[in-house]
Amino acid sequence: MINGEIAKILREMGMMYEMEDVQFKPRAYEKAAMAVEELSVGASELYKRGGKKALDEIPGIGPAIAAHIEALLKTGCFAEYRRLKKKIPVALDELVAVEGLGPKMVRVLYRELRIRNLKDLERAAKAGKIRKLAHFGVKSEEKILRGIEFLRKSKGRFLLGTILPIVRTIEERLRKVPGVDQVATAGSVRRFQETIGDIDILVTAKKPEAVMKVFTTMPEVEAIIAKGPTKSAVRLRQRVNADVRVLPDESYGAALQYFTGDKAHNIEVRKIAIKKGWKLNEYGLFKGTKLIAGRTEEEIYKKLGLEWIPPELRTASGEIEAAAKGKLPNFIPFGSIRGDCQVQTEWTDGSASITEMAEAARRAGLEYIVITDHTRSLAMTGGLDEKGLARQGKEIDKLNKELGIRNNGFRILKGAEVNILKDGSLDIADDALAKLDVVAVSVHSHFGMSEREMTERIIRALKHPAVNILFHPTGRIIGRREPYKVDIEKVIRAAKQYGVALEANSSPERLDLKDTHIRMAVEAGAKLVVDSDAHSPSHFGFLDFGVAQARRGWATKTDVLNTRPVAEFLKALRGLKKR
DNA sequence: GCCGTTTTCGGCCCGACTGTTTTCAGTCG
């Protein structure tokens, strides 16, 4: 059993205790689930090495949950889970995925209407049965139906952020198979799409049988869909399908090109081949029956008169024309972010201390971070007020003195993620904002405003002379929450006018601004920052997702302020205000 | 059920918002 599955069961335990009105256990299980999810090693590995004691030592996991995990690893279940599940036998994860539905409401729906899953829920809602329940009404019934519809739209797609670690593990495993030469994942994963449908892995190897055997017997495999000499397909426990294809060396580049897509891009590229009287398929570029390119992608694009096009750009939105003219811009390189502009700590809803986050950032190759804990009115995170910010500022000064020497000048900057209130004002007083290095603002409430109201609200905040960055400008959460209604073009123009940088948030479930908005911002001459929205030390790894998004938005290094060293970054940020 | 430079027992992050209600439970993150 893998960490994700253990975490899922622990999370479910928490929800079931919540339905039972048990105190404190829900939070304890929730925390334990998070702890397991964030482990950098497999829990089963940990258990194998150090037994139950090793599990107990994980912060957030004590003797009771360690015993549950032990049982999970040994038998796949444990008694308390079985007992609770029997009481309320519903597909909890499925039902609470509906926006606005939580464990308590699920309990009522089961007790009163015997609703066990999404199908039951939809049927009952459509029949008007839900509005008759106590504490439910027409509005909640409508909201449930809207929630189901939204879920259905995003169904079958997975966040790249959740899939990529699995992909890397599988790639590593295949690389170790004797006789294997090259391993790469194509498709939407290689294109760094926000969400992906399945995993396409390409392998060159002398003995395909060995690859297929390893691939179809991996621990992640739930079912084998197909197994042949050159192609196999499996369903993974994460409910995502994965294909592997074994190819001859001379076709590797052609297959990579063919399976990386997207469809529109491939059609355009193949049209160019046809115009030249050639044929392009997954085995190569052919003149008649003669293979003229196929070993690498570069030689295929070159033969077709194109610059090599980075995978994340292959969306048929101008990249082919630019590549034909040799005029692809110098996209912001991966790994070029020097400082992270959005970092939450345990002062609010982050999981680690300022020091831990700084050290993790330094290990990730960064030179500075901006601490941007939430402010006052975001009470659920324990948002900081002016006094809290002042105390945190002192702490940061102290840490900079200590760490500066030890860490070769690594800098921690003072910042905040200040709430934009309903009327566009900020929830922190001006004199406190003046003491910060970086003031970022964002919307966390009143998502239901009209487009005009929301746009005016945000622009009023941008006009505030202390504001440097607008965080997650559209508020979307991929697959879970639609963006709020806002005229993003107007916001971009206002950001440029008032000297505010726009965030390209790298968190795999936000990616906000999204690629098309980034391109609008770049074209409008507004400046950007790419940051991770880190809430725990491992989150600095998200930066690649944001950089990929920025590349797809045609951003170059100069468009992104935090590609600069700390002094230049601060100077550039201030410079925006003076223009 | 977890945790400990206030505690091995007694605390557990605090409040806004929504939709349902005539005073509040549930969700959000």
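Below, chains carry the letters A, B, ... as their sequence lines are ordered, and counting in each starts from 1.
- For A:D385 and B:dG15, the CG to C1' distance is 14 Å, given to the nearest whole Å.
- We find that CD of A:E70 is positioned 16 Å from P of B:dG1, with the value rounded to whole Å.
- No option in A:D397, A:D373, A:T348 other than A:D373 meets the side chain to side chain donor-acceptor pair (under 3.5 Å) test with A:Q392.
- Although no hydrogens or angles enter the test, the distance criterion places no donor-acceptor pair under 3.5 Å between the side chain of A:N562 and the main chain of A:I337.
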A:E20 vs A:R107, salt bridge (Lys or Arg N to Asp or Glu O under 4.0 Å): CA-CA, chis, key distance, verdict = CA-CA 9 Å; A:E20 299 274 290; A:R107 175 179 64 178; over 6 Å; no
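- On the P atoms, B:dT20 is 14 Å away from B:dG26, given to the nearest whole Å.
- Of the charged side-chain nitrogens involved, none lies within less than 4.0 Å of a carboxylate oxygen, so that A:E395 and A:R391 do not count as a salt-bridged pair.
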Distances for protein N or O near nucleotides 6-11 of chain B N or O, under 3.5 Å:
none

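- The side chain of A:R27 has B:dC13 as its nearest neighbour among B:dT20, B:dG26, B:dC13.
- Both tests hold for A:R481 against A:F447: distance to the six-membered ring centre under 6.0 Å, angle to the ring axis within 45°.
- Regarding A:M19, its CE atom lies at a distance of 13 Å from the P atom of B:dG26, rounded to whole Å.
- Residues satisfying the ring pair (Phe, Tyr, Trp, His ring centres under 6.0 Å) test with A:F24, not counting sequence neighbours, are none.
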Strand DNA chain B as a dot-bracket string - pairs counted if Watson-Crick or G-U with both distances under 3.5 Å, | where the partner lies in another strand = ((((....))))..(((((....))))).
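- Taking side-chain N and O atoms only, A:R481 has a distance below 4.0 Å to OP1 or OP2 of B:dG29.
- If you check residues 84-106 of chain A against DNA chain B, the residues with a heavy atom closer than 4.0 Å are A:E99, A:G100, A:L101, A:G102, A:P103, A:K104, A:M105, listed by number.
- Between A:D120 and A:R114, no side-chain nitrogen of the basic residue sits less than 4.0 Å from a carboxylate oxygen of the acidic one, so the salt-bridge criterion is not met.
- A residue-by-residue look at A:V138 and A:R107 shows that A:V138 has its nearest nucleotide of DNA chain B further toward the 5' end.
- Checked against salt bridge (Lys or Arg N to Asp or Glu O under 4.0 Å), A:E70 has the following partners two or more places apart in sequence or in another chain: A:K52, A:K74.
- By the side chain to side chain contact (heavy atoms under 4.5 Å, CB included) test, A:H68 is found to be paired with A:Y29, A:F78, A:E80, residues two or more places apart in sequence or in another chain being considered.
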